[in-house]
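Right, one structure below, let's go through it.
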Amino acid sequence: MPSPSSARRGEYGFDAPYAVFGLLMAALPPLVAGVIFWRQPWGKLLLAAGVAGSISTALYLHATRRGKFAVWARELAAVGLAGSERVVDLGCGRGAVLTMAAELVPDGAAVGVDLWRSADQSGNRAEVTRANAAAEAVADRVTLVTADLRELPFADGEFDLAVSSLAVHNISDADGRARAVREAARVLRPGGRLVIADMARTSEYAATLRALGFAVTHRRSGWRGWFGGPWTATAFVTARKPSRRVR
Ligand SMILES: C[S@@+](CC[C@H](N)C(=O)[O-])C[C@H]1O[C@@H](n2cnc3c(N)ncnc32)[C@H](O)[C@@H]1O
């Protein structure tokens, strides 16, 4: 079964850069104060808080820079693509998952959809994603489309596989997230597959897909997908569209 390489040549930035800043700010002051005042009982408490915060920051940095790629390489390999499929990445950002999927469809197409919000990923711009597709030698099959996940500019059933990594939870309201999941379902062909990874709200996505008649599995990715700790673990929702049409 072909598997994309999790070692990347492109530059994929940091997810939710404000969260990295927040974690560092929560970890460093108590760590420094704890080291200075470690002889005091409250100094030991500060030190413990600083160490816990540093571990959480390290887990986040690992997940966003390395772990995400490793868990997606495994998930994409498990889909078992033949190589000529049309794949859409919903909220592709700088192309971390888009370019990995594109590696697996040398005779197909990989379409990335995004609004390129830099609050959600550092340096998030379509030009950066294009440069990453070139760096990974998949630019010949990658197309980028600027659109909202709640209203996809594609016909029903255009894609064999839809993927989405850490994007749908950024839609603030439950109705909007359900619309995004229903749009993903709509653009899949009957029998097509959907893989959504997120650090929150995945039970909602699974419920929306079950209501549409999809066969759904829902599970956590393991520590490499922990964005700070087990409380923000990446979970995967994988689903297959039934053979009848879904509206
Ligand atoms: C945390 S980034 C993840 C990017 C990429 N999937 C990855 O894993 O590296 C979330 C992405 O979702 C995009 N996004 C958020 N809300 C969106 C919406 N309503 N429509 C389209 N894209 C959206 C952001 O612009 C950002 O690129």
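Keep in mind the model is a prediction, meaning the values are calculated, not measured. Scope of the values below: all heavy atoms of this structure, side chains included, with no hydrogens, waters or symmetry mates. In listed order, ligands and their atoms are each counted from 1.
With salt bridges taken as basic N to acidic carboxylate O contacts below 4.0 Å, one links D15 and K68. Look at D156 and R186 and you find a salt bridge, because one of the NZ, NE, NH1 or NH2 atoms lies within 4.0 Å of a carboxylate O, short of that distance. Checked for salt-bridge contact, R193 and D160 miss the test: no charged N lies under 4.0 Å from a carboxylate O. A salt bridge links E103 with R8: the distance from a Lys NZ or Arg NE/NH1/NH2 to an Asp or Glu carboxylate oxygen falls below 4.0 Å.
Closest of all the heavy-atom pairs between R117 and D114 is N-OD1, 4.1 Å. When all heavy atoms of L209 and A239 are compared, the closest pair comes out as CD1-CB, 4.0 Å. Smallest separation of non-hydrogen atoms from R240 and G191: NH1-O, 3.1 Å.
Interface atoms of ligand 1 facing K68, defined by a heavy-atom separation under 4.0 Å, are 7 (C), 8 (O), 9 (O). Per-residue contacts place A167 under 4.0 angstrom from the following atoms of ligand 1 (heavy atoms of the residue considered): 10 (C), 12 (O). Atoms of ligand 1 found under 4.0 Å from any heavy atom of W116 (numbered from 1 in listed order, with element): 25 (O). Each of the atoms 24 (C), 25 (O), 26 (C), 27 (O) of ligand 1 lies under 4.0 Å from some heavy atom of N124. Which parts of ligand 1 touch G93 is read off a 4.0 Å heavy-atom cut-off, strictly below it: atoms 4 (C), 27 (O). Close approach of ligand 1 to R150 is summarised as follows: ligand atoms under 4.0 Å from at least one heavy atom of the residue are 19 (N).
Closest heavy-atom approach to atom 19 (N) of ligand 1 among the candidates D148, L152, L98: D148. Of the candidates A96, G13, C92, S172, C92 brings a heavy atom nearest to atom 5 (C) of ligand 1. Closest to atom 20 (N) of ligand 1 by heavy atom, among V113, D15, L149, is L149. When G91, S122, A147, G112 are checked for heavy-atom proximity to atom 6 (N) of ligand 1, G91 turns out nearest.
A centroid separation of 6.0 Å or more is found between the aromatic rings of Y60 and F14. Annotation: W226 is not in aromatic contact with H62 [ring centroid separation under 6.0 Å not met].
Between the side chain of E11 and the backbone N or O of N132, no donor-acceptor pair lies under 3.5 Å. The main-chain N or O of L152 is found under 3.5 Å from a side-chain atom of E183 such that the two form a donor-acceptor pair.
For atom 22 (N) of ligand 1, the closest heavy atom belonging to the protein is L115 N, 3.5 Å. Of all protein heavy atoms, the one lying nearest to atom 16 (N) of ligand 1 is N170 CB, 4.0 Å. Summary of contacts: the protein heavy atom closest to atom 8 (O) of ligand 1 is S165 OG, 2.7 Å. Of all protein heavy atoms, the one closest to atom 25 (O) of ligand 1 is D114 OD1, 2.5 Å.
When heavy-atom distances to ligand 1 are checked against a 4.0 Å cut-off, D120 comes that close through both its backbone and its side chain. Contacts between Q121 and ligand 1 below 4.0 angstrom, taking non-hydrogen atoms only, involve the side chain exclusively. Contacts between I171 and ligand 1 below 4.0 angstrom, taking non-hydrogen atoms only, involve the side chain exclusively.
For R94, no nitrogen or oxygen atom sits less than 3.5 Å from a nitrogen or oxygen atom of ligand 1, counting backbone and side chain alike.
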